[in-house]
There are 2 protein chains.
Amino acid sequence: MEKEVLLKNLGDRIREIREGKGITQKQLAHSIGKDQQSIQRLEAGKINPSIFYLHEVAKGLDVNMEFFFNQ
Amino acid sequence: MEKEVLLKNLGDRIREIREGKGITQKQLAHSIGKDQQSIQRLEAGKINPSIFYLHEVAKGLDVNMEFFFNQ
DNA sequence: TTTCAACACAACAAATCCGTTGTGTGTTTT
DNA sequence: AAAACACACAACGGATTTGTTGTGTTGAAA
């Protein structure tokens, strides 16, 4: 329960940042050597990503990882 | 390479916070339903922990997860 | 010295991650 | 309408995580 909420919120936050930058899931994915489906699952809160995974996503979005957690 | 550094830094940071609170690996582990060995691997940078795992550790240390990333 | 606490390291197995492939739906463009 | 784009969902499989058990080292306390 709590885990689902955490992952959902994280996914929403990442989507929010991505859309704010005006890039697609595919663009983000390819910029960090991943697939569109991986980003989809991340944003949907379907996976419990590792810290390095998030680190890569943060790089792809050009933000600091902290951005994923405050607010 | 880069991954190793990230995980090492994270582990060091967690250890720093834990020691600052004056608790042992075992106490931290048990407070969140884990084993001493799990915390040891985390602090040693030997694993690439999931975000939920870190969330639990943050709870056990009574800090916000952001603390793991700034400085 | 013996005992105990704290930490480190390794191996095993079940669970999970995540890259990949394939497909579907809705919207926009030509 | 046809084509292209953005996103969603599911299944497969190799890799990784992580709980568990067992063991070793070091230092402090008894």
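Throughout, a chain's letter reflects where its sequence line sits, starting with A, and its residues are numbered from 1.
- Going from atom CD of A/E43 over to atom C1' of D/dA6 covers 11 Å, rounded to whole Å.
- The stretch residues 19-30 of chain A has no heavy atom under 4.0 angstrom from DNA chain C at all.
- The closest side-chain heavy-atom distance from A/R18 to A/E43 is below 4.5 Å.
- For B/K3, the side-chain contact (heavy atoms from CB on, under 4.5 Å) partners at least two apart in sequence or on another chain are A/F52, B/L7, B/N48.
- Salt bridge present: A/K59 and B/E2 bring a charged side-chain N and a carboxylate O closer than 4.0 Å.
- Between C/dA6 and B/R15, no contact under 4.0 Å exists linking OP1 or OP2 to a side-chain N or O.
- Atom-to-atom, CG of A/L42 to P of D/dC7 comes out at 13 Å; the value is rounded to the nearest Å.
- Counting to the nearest Å, the C1' atom of C/dC17 and the CG atom of A/L10 are 15 Å from each other.
- Residue-environment remark: NZ (B/K21) exceeds the threshold of 12 foreign heavy atoms within 6.0 Å.
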Under 3.5 Å, which protein N or O atoms sit close to an N or O of nucleotides 28-30 of chain C? Give each pair with its distance.
none

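- The shortest side-chain heavy-atom distance between B/F68 and B/V63 falls under the 4.5 Å cut-off.
- Rounding to the nearest 0.5 Å places CD of A/Q25 at 8.5 Å from CD of A/E19.
- Side-chain contact check for B/P49 versus B/L10: some heavy-atom pair is nearer than 4.5 Å.
- Side-chain contact of A/H30 with A/Q36: a donor-acceptor pair under 3.5 Å is absent, judged by distance alone.
- Put simply, the side chain of B/S38 reaches to within 4.5 Å of the side chain of B/Y53, judged on heavy atoms.
- In terms of the salt bridge (Lys or Arg N to Asp or Glu O under 4.0 Å) criterion, A/D35 has no residue partners (sequence neighbours excluded).
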*If a protein heavy atom is under 4.0 Å from the base, mark B; if only from the sugar-phosphate, S; if neither, -; do that for nucleotides 14-30 of chain D going 5' to 3'.*
---SBBBBB--------

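- Legend: residues meeting salt bridge (Lys or Arg N to Asp or Glu O under 4.0 Å) with A/R41, ordered by chain and number and at least two apart, are absent.
- The NE2-P distance, from A/H55 to C/dC18, rounds to 15 Å in whole Å.
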